[in-house]
Each structure stands twice: as structure tokens, then as C-alpha cells.
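Residue numbers begin at 1 in each chain, while the letters A, B, ... track the order of the sequences.
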Protein chains: 4
Amino acid sequence: MSPNVEPATPAFDHRKGPRRRGEELESAILRAALDELAEVGYPALTMERVALRARTSKAALYRRWPGRAELVVDACKAGGVSEIDLPDTGTLRDDTIALLRQLSAKMDSPFGSILRGLLAETTRDPEFAKLVRERVQTPGPTAVHSVLERAVERGEVEPHILGSRRATVATDLLRNQFLLYGNPIDDATITDIVDDVYLPLVLRTERGASGSDSGGNTEPDAS
Amino acid sequence: MSPNVEPATPAFDHRKGPRRRGEELESAILRAALDELAEVGYPALTMERVALRARTSKAALYRRWPGRAELVVDACKAGGVSEIDLPDTGTLRDDTIALLRQLSAKMDSPFGSILRGLLAETTRDPEFAKLVRERVQTPGPTAVHSVLERAVERGEVEPHILGSRRATVATDLLRNQFLLYGNPIDDATITDIVDDVYLPLVLRTERGASGSDSGGNTEPDAS
Amino acid sequence: MSPNVEPATPAFDHRKGPRRRGEELESAILRAALDELAEVGYPALTMERVALRARTSKAALYRRWPGRAELVVDACKAGGVSEIDLPDTGTLRDDTIALLRQLSAKMDSPFGSILRGLLAETTRDPEFAKLVRERVQTPGPTAVHSVLERAVERGEVEPHILGSRRATVATDLLRNQFLLYGNPIDDATITDIVDDVYLPLVLRTERGASGSDSGGNTEPDAS
Amino acid sequence: MSPNVEPATPAFDHRKGPRRRGEELESAILRAALDELAEVGYPALTMERVALRARTSKAALYRRWPGRAELVVDACKAGGVSEIDLPDTGTLRDDTIALLRQLSAKMDSPFGSILRGLLAETTRDPEFAKLVRERVQTPGPTAVHSVLERAVERGEVEPHILGSRRATVATDLLRNQFLLYGNPIDDATITDIVDDVYLPLVLRTERGASGSDSGGNTEPDAS
DNA sequence: TTTTAACCGAGACGGTACGTCCCGTCTTGGC
DNA sequence: GCCAAGACGGGACGTACCGTCTCGGTTAAAA
């Protein structure tokens, strides 16, 4: 109750030489967090262990991040966990398949459970949800956009697709597949998504048919 | 924060009263779990509180379920959390929109955070992942199938769509939208999913363009 | 914030055979507390270390005692820390000196710092102060009383002294000496207290000079 | 509990203003310490809060005092916490009672818990114990001595009492009473101490009965 | 007057203990 | 046998201080 009558003088004096501060310390913590994620996974990652591993104190963590979720988000960012090798095969189909394969491989790594865990905690506040999207989810959207842009340049895809919902259908379905059915994701699933769903939606047809302005509606009864 | 859990029945000591067993006890537990979910949400639900609320012991819970995730799955099932009013408007478009709106409403309820939480815990074992899909995710797929079947009967949709990946694209995208962007889901998003993505994929066209062989999608409208 | 999404399953399973409970556990804890007191002293005693030493959990301690002060009080009681060998030399003087020497020896042991520490914490509430008096301070008063009673029987002391403030002056002064000047207490101090202060106050004199009925005052000028 | 410490001077950043040094800073710290003592009491006083309140840094505190105990000792001294209005009523009895009443009143103030706390920490080293006696305990002894000297001049007390143990019995018993039984101290207790114990020990009698030179013993002991 | 060294304020740092909560297991009695 | 109650060993939580340290300053004394 009372803070402490006599604070039990720290058992021993251990002050090291140059104490780490600022960026040096921060990157040591992020490194420790990444190592923990790789070793024990997201659900078992604790602030305690990260602090221990980084040879610092919990207080140093809480000074920077409000909780483990935010720490992990930053660790992912710092670790380049969501970096993508932008494919450039010459056709939209092969680019997209290469992209999905990379994403699928990510899901198979510790990053998979991280993604699940973080999404679970976005319930808390929209602020954090946004953070997760920006720091963890970016690879997909950005890469998709680049791939599509090149397809537009090649004439494979109409420009207006770029900003439409159709653009991200492939990665959206892959993510959904992962979250529902887990990993590993069958390669057939990837080609199925691409060939049966994605390409028909985005590829230009001689009739220019697949384009649609937002909210477009094939059925007349929508009027 | 403080565990001020008011037990459902104010003061009754089942140690020395008519002791509940079997189904009676089980449903009391599930009821308590549902109440907890509604009140504090999934992340804050603990076995301890559920046991207290159900006026039973943790042992009774662990005898039946290996952990809170499994308990919650059963509670959802028992509570009809994932039941759907099958819409029947006469057109696929309206049926689908009605369906997505219902699902979207669910996501806005405690069920939303439950879904997130459960998906996060499917990392553990595929067995449990399957359970979640079957008990928690069923409403969507089943309803989608029924709606599509009726559309097939009406001639709006080709039969082979029924078993294809295209069939569930609408619900898949909705789920993805929820998991990434949270609730509430804008109604415009729903119509966008339906009109810009889903219908072009599943509706029959005179040219049969939307058939699921690779690459084929032609838009009839917009011509 | 949220308790825990996945409680990081305890690293390892370690459940022992027969788990200690009730009195067995309690005495193990008290024993551990006593050992700690002897080794590191009261100010450095922590609940954490006691729990560790007793091979139990902090929760088990907090279930029984609200804080370390109360735990230590009980440990003292259990360890017979304040037990006294009742002296019986045949004269009040020698009995009293023997008694003070014993008390002085106690103060020289870990018990000394315990007494200081506990007295410091009696600020909190009178309840606890009472506890300290009863469990930790009892030896003095009780022994004093016995010693005095025998002196009364021998005719050395008038009976009315027994309940008066004079009865405890010797131990009161010794305690005061310890608290102000610390230990060890010089043997000359003890004989000084006894011969110069205590005996003149309690021994019967033919003239009845030092005797007094309640509130009595030998000096007329006090009026 | 929450460290809601309002700094004395509302908002002034001494980093970039006229920076306090030496005595000015020191007295600001002591003032802050006294305020803290009055507000939260000794056990809850922390270096952190004092530094915050004084709008300075912990380092400035530790440069001057090795720990909070020493700081508090100085603060007491500076705050005149142990100053006494020397009574002069004309009789030893009334002087002594007035004195004890003042001391008792002190014990009822924050000074009470300070005394307890400091005494608890004298375990550490005799040096500090001496400091406490000199800075915090002085009022009693000094005043007692003055009062007694006047009584000697009036002929109420024999001169040799002045240096004997008997001289301080009244304050010693009062202190003991406070430490064991807490405050407030009943007025009857004070008169009891004075009339039943103290005066019989120090007042001169025509018979010289209660008087004694050091080590003296009115009883032909062990006879 | 200019330099320079001491000192100041702020607060980060590594660390320990706090007291609480929940985990999943186990024991105790009572029905 | 199963039930309720809850104790048990364990571990992580997030907070509060400890006493040290680093970092830019300010300021007074030395040059």
C-alpha cells in the first residue's frame, strides 16, 4: 500500500559503461522483439521477455509503446517483415501470381500469427487499426498498385481500375483465405483466385466490358 | 477492471441446493458466457468470470472445454449468434445486399470482436480452425448457397458457379473489409462489392462471358 | 490494457505431487519469512523473495496477509521471537536485570530492526499497532508482571504497584534506549535503569516514600 | 495514489529562467520536502515527488543528501519542527506537564510519523542515528534540561539529578508511549507520568529518600 | 571580458518490487 | 461418481521509485 518504507536497496550495483539511449536503445528493443516473435510467436511474446532479451527494463518499453501490440507493429515495420520483391514478368497474370506467392510465403512465417494477433486487437481503437493497416498491411496494396500500373501501361488493364475495388480483390481474397483456412495456401488456390476471379475483373476485353465506374451496377433493377 | 460480476441468480449456493448437472449446467454456462461476451467482449472474457457468473467452478468448465476459445465457439453456436434470416426478394442483387447487410450488422455486435479473437487463436491447431469455420462462419456460406441456388433456378446464374470460388466472393470481401477496416461498414461499400465485383462475376450473360474458365469476363452492360 | 489475448501458456508444466495447503503451507511461508529476516533483515524483506523461498506464489501470501508488515508480525509470533526465559533468582533486582539483559539481547538480533520497522508502520492504523503490541511486544510486559508478582509475594513490592505505570518503567526505558541509541546496550545502562530508576519506584520502603496510590504525588508543593 | 503534485510555483521552467543555485535552491527543496511531509506523510514521501514539487531534478537532491531520510532530517531542522516554547510556570510540575503537552502535540502532527520513520531507518548506521538524535530529538532533552535547571535554582531538585538518567525519564516515557500506543496521548497519561513516576524521582525530599547519586539504590538490595 | 567549469533542469536509463489478475491443476467436502 | 468452491504454483501485467547517467543549457568565478 505505502510505496515502500525502505526501498530495499538494489541488491547490487551494475551500472554499465555507456548507457544506451534513444535510437540505439530503440533498435535494440525492436531487434529483441523480432527475435522473440521468431522464436515463440506473437501470442507468447511478453513485454517482460522482450525487455529481458534487450537487456533493458520494462519501463523503457512502456515509455515508447503503450502495449505489446504497438511494439510488434513497429518491430514488423523495422524488420522489413512486410517488404515485397516487386515482380516484373511482363504479364499481369504472372506478376500477380508471383505477388500472391510471396504474400502466401509471408503468411507461412511467424508473420502469419502476428497478422492474426494484431487484427484481433484492432477491436480496441480505430487509431491502432489504422496503424496496423499502414505498417503491416502496406506491402500488398502498394505492390498491387505497382503491378497494375505496369499492366495499364502495357494496355492490359484500363486505367480506371486502378482506384477501384477490383484492384485489390486478389490480395483481399488471399488474405481472407489465410485468415479462414490458415496456411499453407495451396498453389492451386492462388491460380484459382487469379484466373477465375481476379483477371476477369481487371483485364481489359476487346469490348472494354469489365470496366465500370464506381457503384456501377449490371442490373437495371437497381435504379 | 474490478471483477464486479453479479451472478445471474442473486444468491444461491449450489453446493447445498439442488445441484445442476449435465445439460442444465452446460446451458447455464453457455448462457453466462454469452452474457459476458455481450458485456465485456471477447478479449476480456475469462474462464474465471464465466464460472463465477454461472455460479459454478472453473473445473466444470475445463471438464467440458479445453479453453475459452472452444467455450466461446459453443456459446456462439448455442446463442444462435450466427443465424441468418434468409432473404428472398426475387433478385440475386437484392438478396445478396440484404445478406451482406445482415452480416455487416453482426460484425457491429459483440460478434465482431469474437470473430477477430477466434481467428487470432486459430493459429494453434487446424482442428480448432475448422471448428471456428463450421460453427461461427457457417451462416454466410450456407445462406450464400441458398441465395445462389434460387438465382440459378430463376436463370440469373449458371449452375456451375455454385461450387466455384466466385460464389463466396461477396462474403469473403465483406469479411476482409471488416477485419481490415473494422465496423461499421458503410452501405456504399456493400453495394460496391455487390455491383462492381460480385454480380459481374456470377450473373449469367447472354454471351456466357462470366463463365469460370480462365480469363473470361465480359461486361454486358456499360456497352 | 486488455488482460491478455492469449495468456502465453506457462512455459512449462511443473505441477508437483501433493500440493501444500492450509497450515502446512502457512508454516512453510512463516519459516521462509523468518529465514529472510535473519539473512537480509526487515527492510530488505520482500514478498517476492519470501514467496520464492517458500516455493509458493505471491498470491498465496496476499491471500493470508495484507502486506509484509502483517506477515512479519505473524512470523515473529510463530518463531517465538519474543519468547522470554522467565528468570527466578529470588530478588526483584536480579530478576529484573536478567530480564532486561534478555530483552537487550533480542534487540541485538534481527528482531531489533524488525521492531523498528514495525513500529514505523503502525502509523497506518491503530488496528495494526495493536497487533504489533500483542504479538511482538508481549514478552516484556508479561514477564515483567510475573517477576513483579513474585516480588509482591516476597514482600519486596506493594501490591498496588502491579497495575501502575511504575511497573513497566524498566522495560519502557530499555525500549526507549534501544530505539534512540541503538544496540548494543551497555550493561551499565541496564543496571543504571534498574538501580537508579526502577527499584526506587517499585520497592517498598519502610517510610513508604516512593509508594503512591493512584496519581499520588509525594510532593506537597504540587498542589 | 496518483502523483498529482501541484508544483508550488505554477509554471516556471528554471531551465531557461533565472536558475536557482546554492542556498536559494536548497531552501526551495527543503520547503518542498516539508510540504510533502505535511500532505502525504513520511512513508509516502519520495525523492521523485520532492524534486517535482521543488521544480528541480532528482540529481540536485542526491547531490546534497544521500537519501530521503537525511533530507527529511534537514527539512525538520529547517522547518523548526522540533522547536519548543520553553515553559516557565514557576514549578517543576507545571513546567514538565506543559512540556509534555507540547511534545505530545508534536507527535500528533506529521512529525509523529516522521519520528517513527526515521527511527526505523537508524538501523543502517550509527552516524545517521546520531544525526536523528541531534536534529530531531533535541527539543525534548534541551528543554528538559532548562526546566530542571530552573527547578534546581528554586531548590526543588538536587543538582546531581541534572546529569542522571532520572532527568529524562518523563520524556523517555512519553516517547515510548507514543511509539507503542500512538497518538493522541491522553492528558491523564501525561499527568500520570509526571506525578506517579517523574516527580518522585527528581524532586528533593526532606528525607532524601528518592534522591540518589548515580547507581544509588535506596534499598539495601538483595538483603 | 572572456573563458571555463560547475551546476542546474529535465528526464531517460537499468533495475526491483509492488499488488492484481488469470491461468490451468488439484483438493476438499457435500450431494 | 460429479458437483461447488476455491486454494494452489506460476507468470505477466502495468506502475512507481530507486539511484545513476546523459544532455543541453545557465551562470558565476577564473583567466
Quick one: is [X] getting a side-chain N or O under 4.0 Å of the [N] phosphate, OP1 or OP2?
{"X": "A:Arg55", "N": "E:dG14", "value": "no"}
{"X": "A:Ser57", "N": "E:dC13", "value": "no"}
{"X": "B:Thr56", "N": "F:dA4", "value": "yes"}
{"X": "D:Arg63", "N": "E:dG9", "value": "no"}
{"X": "A:Arg49", "N": "F:dC13", "value": "no"}

Does a side-chain heavy-atom distance below 4.5 Å link [X] with [Y]?
{"X": "A:Arg135", "Y": "A:Asp74", "result": "yes"}
{"X": "B:Leu71", "Y": "B:Leu30", "result": "yes"}
{"X": "D:Leu118", "Y": "D:Tyr42", "result": "yes"}

Which whole-number value in Å describes the distance from D:Tyr62 OH to F:dT22 P?
->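 Roughly 17 Å, once rounded to whole Å.
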In whole angstrom, what separates C:Trp65's CH2 from E:dG19's P?
->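 Taking atom P of E:dG19 as the reference, CH2 of C:Trp65 is at 14 Å.
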Contact class for D:Ala59 vs. all strands (heavy atom < 4.0 Å): base, sugar-phosphate, or nothing?
->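 The answer is base, as D:Ala59 lies within the cut-off (heavy atoms under 4.0 Å) of a base atom.
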What is the nucleic acid contact for C:Gly22, judged by heavy atoms within less than 4.0 Å: base, sugar-phosphate only, or nothing?
->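 The answer is sugar-phosphate, as C:Gly22 gets under 4.0 Å only of primed atoms, P, OP1 or OP2.
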Out of E:dC8, E:dA17, E:dC23, which nucleotide sits closest to the side chain of B:Thr46?
->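 For B:Thr46, the side-chain atoms sit closest to E:dC23.
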Check every atom of E:dG9, F:dC17, F:dC3 against the side chain of D:Glu48 and return the nucleotide holding the closest atom.
->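 Nearest to the side-chain atoms of D:Glu48, counting from C-beta on, is F:dC17.
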Going through the checks in order, is the salt bridge (Lys or Arg N to Asp or Glu O under 4.0 Å) test met by A:Arg53 and A:Glu39?
-> CA-CA 12 Å; A:Arg53 183 159 211 154; A:Glu39 268 184 33; 2.6 Å; yes
Pair of N/O donor and acceptor under 3.5 Å linking F:dG6 base with B:Lys58 side chain =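 There is none.
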Let me know, please, whether D:Met47 or C:Ala54 comes out on the 5' side of the other along DNA chain F by nearest nucleotide.
->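 Result: C:Ala54.
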Want to settle it: does C:Arg64 or D:Gly67 sit nearer the 5' end of DNA chain F, counting the closest nucleotide to each?
->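 Per heavy-atom nearest nucleotide, the more 5' residue is C:Arg64.
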